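First up is the structure itself, then whatever we jot down about it.
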Amino acid sequence: DVKVTQSSRYLVKRTGEKVFLECVQDMDHENMFWYRQDPGLGLRLIYFSYDVKMKEKGDIPEGYSVSREKKERFSLILESASTNQTSMYLCASGQGGNQPQHFGDGTRLSIL
Amino acid sequence: AQSVSQHNHHVILSEAASLELGCNYSYGGTVNLFWYVQYPGQHLQLLLKYFSGDPLVKGIKGFEAEFIKSKFSFNLRKPSVQWSDTAEYFCAVDPGSGNTGKLIFGQGTTLQVKP
């Protein structure tokens, strides 16, 4: 069974801090994704990566960056956290084509 | 802009009632379609998917969905809901993103089933 592991379930940070969210998948998937989930807005794609060191912006990349140095690991970075980045962050991985994405448990991030 | 729309934001049903959740998308070409479910405190998991062939697809836990190309719709149905179906449901579309499997999600529908 596919396992996507996010490093933290809950995280509290202060405005201006640099925040790292980590995600690891164990199925050798080519593609990895970061979403944020907000009530009434569904899931919105922040960034995705289709190969090591390759990345593409999603729909809401502003204020975020990503890193994929190894195939199994995809990191989301909030360069200078702001209160409007308080949200649930979901990581997913997938093989592409017509295969579904597999999701982690999510990180609920609060920026104070 | 490309979009996925779920008409019902919050649905409340009694056990044994029938369920239909609407999903419409705005792409004209070939699409792959998915329904995901998120039970309270759990990760999103796949309910069912449609790529080609029979437009009526069956998923886990008695759910099914019908792809109607002319209506750009992929509605989710279940004949008789249970309390354990209480969850948030997301429709998602892959609008021919090549090999990345990139998805566009709807806003989600929260289903509350009363025992």
Side-chain angles (χ1 to χ4, degrees), chain A residues 1-6 8-10 23-25 27 29-52 54-61 66 68 74 87-108, chain B residues 1-10 21-25 29-53 57 59-60 65 67 74 87-110:
Chain A
D1 207 14
V2 177
K3 186 73 174 174
V4 179
T5 303
Q6 294 184 230
S8 306
R9 288 298 298 270
Y10 301 94
C23 175
V24 176
Q25 52 101 357
M27 282 301 291
H29 285 158
E30 301 292 330
N31 308 307
M32 297 188 74
F33 307 83
W34 275 107
Y35 298 89
R36 61 177 284 176
Q37 181 181 6
D38 299 289
L41 297 178
L43 277 70
R44 292 179 293 165
L45 182 65
I46 304 171
Y47 267 96
F48 70 101
S49 169
Y50 50 90
D51 200 351
V52 174
M54 305 303 287
K55 60 187 179 186
E56 277 197 26
K57 293 179 180 179
D59 300 317
I60 51 165
V66 290
R68 193 164 180 204
F74 192 35
S87 186
M88 172 69 87
Y89 289 87
L90 300 180
C91 175
S93 73
Q95 199 51 36
N98 57 14
Q99 298 303 307
Q101 293 181 18
H102 299 265
F103 286 82
D105 288 335
T107 296
R108 187 165 293 283
Chain B
Q2 300 173 329
S3 66
V4 178
S5 178
Q6 293 181 237
H7 318 297
N8 319 97
H9 297 294
H10 197 158
L21 301 182
C23 174
N24 285 90
Y25 60 93
T30 301
V31 294
N32 297 323
L33 300 160
F34 304 83
W35 275 97
Y36 282 85
V37 61
Q38 187 176 34
Y39 298 105
Q42 296 187 26
H43 63 269
L44 264 81
Q45 55 188 282
L46 183 70
L47 263 183
L48 47 77
K49 60 187 179 183
Y50 172 80
F51 302 133
S52 62
V57 292
I60 61 171
F67 169 52
F74 189 54
E88 190 158 17
Y89 293 81
F90 294 94
C91 179
V93 176
D94 173 0
S97 60
N99 210 34
T100 67
K102 183 180 160 187
L103 297 177
I104 310 297
F105 282 84
Q107 306 94 320
T109 298
T110 300

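Each chain gets a letter, A, B and so on, in the order the sequences are listed, and its residues count up from 1. Keep in mind that what you see is a predicted model, and the values were worked out from it rather than measured.
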Query raised in the report: Just how far is it from atom CG of A/Asn98 to atom CZ of B/Phe51, taken to the nearest 0.5 Å?
Result: 4.0 Å
Query raised in the report: Are A/Gln101 and B/Leu103 side-chain neighbours, meaning at least one heavy-atom pair lies under 4.5 Å?
Result: yes
Query raised in the report: Shortest non-hydrogen contact from B/Lys49 to A/Pro100?
Result: NZ-CD, 3.9 Å
Report summary line: Bottom line for A/Gln37: the part with an atom under 4.5 Å from chain B's heavy atoms is side chain
Report summary line: The interface call for B/Leu44 against chain A, heavy-atom contacts under 4.5 Å, is both
Query - Contact listing (chain A partner; residues 33-40 of chain B; heavy atom under 4.5 Å) - result: B/Phe34, B/Tyr36, B/Gln38
**Report entry** Pairwise distance CD(A/Gln99) to CG(B/Asn32) - rounded to 0.5 angstrom
**Finding:** 9.5 Å
Query raised in the report: Non-hydrogen atoms of chain A under 4.5 Å away: do they reach the side chain of B/Glu88, the backbone, both or neither?
Result: side chain
Query - Value rounded to 0.5 Å, distance of NZ in B/Lys102 from CG in A/Leu45 - result: 6.0 Å
Requested in this report: Please look at A/Arg44 and chain B and tell me whether the side chain, the backbone, both or neither of the residue comes under 4.5 angstrom of a heavy atom of that chain.
Outcome: neither
